[in-house]
Amino acid sequence: MDKNIRIAIIGGGPAGLSAGMYLEQKGYENYTIFERLDRVGGKCWSPHYNGRRYEMGAIMGVPSYYAVEDVEKFCGITHDGPKLNRNYKDSEGNVIDPFAKTLGNILRNPWLLKMKKQLTTFGELLETKYKGYDLNGHRGVAEGRYDGYAVTPGRERVQGENPNLKDLSMPFKDFCELNGVPLVQKIWIGPFTSFGYGYFDEIPAAYVLKYLDFQTCMNFVKVNLWTWKEGTQYIWEQLNDHLKHPAKLNSKIDKVERKDGKVYITVNGKVEEFDKVIMTAPLYIPGERMDGQVGMDKYWDIRDDEKALFSKIDYERYDVQAFLTKPEDHPEISYYVFDNMVPEKLGHLMVYYRRWKDQIDQVITTYALRKHKNMAEVPYDKCKQMVLDDLKIMKNPAKEVINEWSVYYFPHVFSEDYAAGWYDKVEAMQGKYDTFYAGEIMAFGDMDETAEYSRELVERFF
Ligand SMILES: Cc1cc2nc3c(=O)[nH]c(=O)nc-3n(C[C@H](O)[C@H](O)[C@H](O)COP(=O)(O)OP(=O)(O)OC[C@H]3O[C@@H](n4cnc5c(N)ncnc54)[C@H](O)[C@@H]3O)c2cc1C
């Protein structure tokens with residue numbers, strides 16, 4: 001492709017900014033990033049409080065975050081944040097250790113010993129029967145193929161046939177049962193459901209395992225995690241500062257029109273002309289959003305094939321509250337409440353996160369899901385109240401809520417569409433209409449998978 005082509009990138013989150021970085025590294029310098037907000041980072045949002053930054057969005061990474069590491073190297077920064085640690089509580093607020101191999105615990109939870117065996121089996125199955133399961137993106141999976149870049153420092157491109165991969169389209173719960181390892185869900189649930197990615201009876205195994213491949217899941221278990229002192233938003237602020245063309249903030253895109261091999265974007269009332277566009281903002285959003293953000297169907301000259309596919313996308317509703325406590329009520333550490341990570345406890349508090357261990361006049365954040373495929377959505381205010389009530393039960397009541405948001409989170413498709421080849425159909429459209437699709441839906445809703453997908457997109461098409 002001609003290195004001088006004019007490329008528009010929509011969205012200044014991890015996907016859009018890293019697309020800019022990888023394009024620039026490949027010699028494409030004629031790009032423009034449009035961000036609708038007055039800040040970059042998207043769902044990496046780290047506001048300030050009392051001299052420090054807390055996390056309203058992304059919190060952590062793992063050592064296999066190679067694309068994030070690319071960004072760190074590009075900017076000369078590193079993951080220098082507070083060390084994470086956590087404990088567990090039951091839904092009555094008692095501190096527990098569900099995985100302790102004490103006699104009492106084993107008698108209470110006889111599945112504990114079996115779980116260890118199933119974990120070993122699962123690791124072996126993923127390596128053998130499901131070879132190729134952990135590549136970034138979903139190309140070929142529904143057809144029993146793998147095609148992508150390995151999650152290794154070298155990120156070699158690998159391709160092959162493996163009909164067993166078709167199993168990945170089924171919900172993770174069914175996938176585990178099929179393979180005789182249902183108990184591993186008790187481990188995977190911690191960094192999955194409580195992180196807002198939905199429930200195992202509704203979400204295809206492909207999403208669960210591409211994000212939480214065996215190694216990554218073990219990193220969560222061992223708390224081998226990265227954080228950033230200035231917050232995850234800092235990574236993307238830094239990247240933005242180091243790009244030749246930082247994002248144009250406050251860009252309200254009124255219209256995107258593709259005709260005669262050109263892309264016309266109307267931004268803040270002015271038409272700008274491009275040759276290609278990379279779309280990292282939401283492709284589709286069902287219904288009305290509280291924050292007014294819209295899917296591309298509302299402002300693009302959307303084509304029938306785009307509409308047919310993108311209208312299949314669903315989202316989680318993931319709610320975060322930031323609160324202060326009285327000193328005596330401040331939690332001594334972060335807590336996971338496993339009992340509340342099941343659909344029957346929709347809308348309840350699943351995790352609360354203490355980021356700064358050396359300071360108690362800092363912010364604590366709470367996390368709750370309020371949507372499940374087969375259940376009525378819990379209204380926002382009701383969920384908020386449930387979480388505040390749960391905090392009292394946990395004996396860490398909130399004194400004051402200082403920030404909150406409800407995130408349309410983790411775009412995904414359900415098993416039926418996954419199995420019908422949704423991803424291969426969208427991948428086949430890459431470049432058609434001079435448009436490339438990136439961002440969370442194309443791989444997975446975390447910082448690294450989105451940035452990695454942008455890397456691959458640039459690698460494959462530019
Ligand atoms: C509470 C929470 C916790 C999380 N925890 C983690 C974690 O611990 N680790 C992790 O790796 N990830 C985590 N994530 C997920 C991670 O933040 C996202 O997956 C990642 O930010 C996705 O990057 P993106 O660029 O695809 O999308 P986004 O971050 O959503 O960025 C999209 C950008 O596009 C902009 N935009 C939207 N519409 C338009 C438009 N019309 N015109 C111009 N711009 C537009 C948006 O304003 C936004 O800046 C978490 C997210 C949340 C909300």
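We count ligands from 1, going down the list as the structure has it; atoms in each ligand are counted the same way.
Of the protein's heavy atoms, Pro14 CD, 3.3 Å lies nearest to atom 23 (O) of ligand 1. Here the heavy atom of the protein found nearest to atom 34 (O) of ligand 1 is Gly11 CA, 3.3 Å. Ala58 CA, 3.2 Å is the protein heavy atom nearest to atom 5 (N) of ligand 1. In terms of protein heavy-atom proximity, atom 9 (N) of ligand 1 is closest to Met60 O, 2.8 Å. The protein heavy-atom contact nearest to atom 15 (C) of ligand 1 is Gly445 O, 3.4 Å.
Checked against a 3.5 angstrom limit, the closest N/O atoms of Gln293 and ligand 1 fall inside it. Here's the thing with Glu35: one of its N/O atoms is less than 3.5 angstrom from an N/O atom of ligand 1. For ligand 1, the polar-atom distance check against Tyr65 finds a nitrogen or oxygen pair separated by under 3.5 Å. Of the N or O atoms in Lys43, one or more lie within a sub-3.5 Å distance of an N or O in ligand 1. Below 3.5 Å of separation, one finds an N or O of Glu440 facing an N or O of ligand 1. Considering backbone and side-chain N/O atoms, Ala15 comes within less than 3.5 Å of an N/O atom of ligand 1. For a threshold of 3.5 Å applied to N or O pairs, the pair formed by Gly439 and ligand 1 contains no separation below that value. On a distance-only criterion, Ile253 and ligand 1 share no N/O pair closer than 3.5 Å.
Residue-level proximity to ligand 1 for Asp446 is carried by backbone and side chain together, each with a heavy atom below 4.0 angstrom. Residue-level proximity to ligand 1 for Val320 is carried by the side chain, the only part with a heavy atom below 4.0 angstrom. Residue-level proximity to ligand 1 for Ile10 is carried by the side chain, the only part with a heavy atom below 4.0 angstrom. Under 4.0 angstrom from ligand 1, there are no non-hydrogen atoms of Phe195.
Taking the six-membered ring for Trp, His138 and Tyr418 have ring centres closer than 6.0 Å. Ring pair Tyr88/Phe338: centre-to-centre distance below 6.0 Å. For Tyr130 and Phe175, the gap between ring centers is short of 6.0 Å. Annotation: Tyr146 is not in aromatic contact with Tyr133 [ring centroid separation under 6.0 Å not met].
Each of the following atoms of ligand 1 lies closer than 4.0 Å to a heavy atom of Leu37: 47 (O). Taking every non-hydrogen atom of Ile59 and a distance limit under 4.0 Å, the qualifying atoms of ligand 1 come out as 5 (N), 6 (C), 7 (C), 8 (O). Shown in contact with Ala281 at under 4.0 Å from a heavy atom are these atoms of ligand 1, numbered in order with element: 36 (N), 37 (C), 38 (N), 39 (C), 45 (C). Contact atoms of ligand 1 toward Gly41: 29 (O) (distance under 4.0 Å to a heavy atom of the residue). Shown in contact with Tyr318 at under 4.0 Å from a heavy atom are these atoms of ligand 1, numbered in order with element: 1 (C), 2 (C).
Applying the ring-ring contact (aromatic ring centres under 6.0 Å, His included) test between Phe195 and each of Tyr318, Tyr367, Phe220 identifies Phe220 as the sole match.
Of the inter-residue distances, the one linking Asp329 atom CG with Leu324 atom CG reads 12.0 Å to the nearest 0.5 angstrom.
In terms of modelled atom types and a separation under 3.5 Å, the side chain of Asp301 and the main chain of Arg258 share a donor-acceptor contact. Here the side chain of Lys210 pairs a donor or acceptor atom with the backbone of Leu135 at under 3.5 angstrom. A donor-acceptor pair is defined here as one N or O able to donate and one able to accept, closer than 3.5 Å; no such pair exists between the side chain of Asn136 and the backbone of Ala443.
A cation-pi contact, defined as under 6.0 Å to the ring centre and within 45° of the axis, is absent between Arg155 and Tyr66. Under a cutoff of 6.0 Å and an axis angle of 45°, Lys89 and Tyr335 form a cation-pi pair. Judged by the 6.0 Å and 45° rule, Arg303 forms a cation-pi pair with Tyr433.
Heavy atoms of Ala451 stay at 4.0 angstrom or farther from ligand 1. Ligand 1 has Met56 within reach: a non-hydrogen atom of the residue lies less than 4.0 Å from it. For Trp45, the heavy-atom gap to ligand 1 stays at 4.0 angstrom or more. Under the 4.0 angstrom criterion for non-hydrogen atoms, Gly196 is not in contact with ligand 1. Using a 4.0 angstrom heavy-atom cutoff, Tyr409 counts as in contact with ligand 1. At least one heavy atom of Cys44 sits closer than 4.0 Å to an atom of ligand 1.
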Compile the donor-acceptor pairs under 3.5 Å between side chains in residues 6-24 and protein atoms, sequence neighbours left out, one pair per line.
{"residue": "Arg6", "atom": "NE", "partner": "Asp275", "partner atom": "OD2", "Å": "3.1"}
{"residue": "Arg6", "atom": "NH1", "partner": "Glu273", "partner atom": "OE2", "Å": "3.4"}
{"residue": "Arg6", "atom": "NH2", "partner": "Glu273", "partner atom": "OE2", "Å": "3.1"}
{"residue": "Arg6", "atom": "NH2", "partner": "Asp275", "partner atom": "OD1", "Å": "3.1"}
{"residue": "Ser18", "atom": "OG", "partner": "Pro14", "partner atom": "O", "Å": "2.5"}
{"residue": "Ser18", "atom": "OG", "partner": "Ala15", "partner atom": "O", "Å": "3.3"}
{"residue": "Tyr22", "atom": "OH", "partner": "Asp70", "partner atom": "OD2", "Å": "2.6"}
{"residue": "Glu24", "atom": "OE1", "partner": "Tyr31", "partner atom": "OH", "Å": "2.4"}
{"residue": "Glu24", "atom": "OE1", "partner": "Lys244", "partner atom": "N", "Å": "3.0"}

Next item on the list: Apply salt bridge (charged side-chain N to carboxylate O under 4.0 Å, His left out) to the pair Arg460 and Asp147, showing each step before the final yes or no.
Entry: CA-CA 12 Å; Arg460 284 158 64 209; Asp147 175 8; over 6 Å; no
Full working for salt bridge (charged side-chain N to carboxylate O under 4.0 Å, His left out) between Asp314 and Lys373:
CA-CA 9 Å; Asp314 202 65; Lys373 188 183 175 193; over 6 Å; no
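For Phe436, the ring pair (Phe, Tyr, Trp, His ring centres under 6.0 Å) criterion is met by Phe461, Phe462, not counting sequence neighbours.
Of the listed options Tyr299, Trp300, Phe34, Tyr299 places a heavy atom closest to atom 40 (C) of ligand 1. Between atom 39 (C) of ligand 1 and the options Met447, Met442, Arg39, Arg36, the minimum heavy-atom separation is to Arg36.
The pair Lys371-Glu316 does not meet the salt-bridge criterion, since no charged nitrogen lies less than 4.0 angstrom from a carboxylate oxygen.
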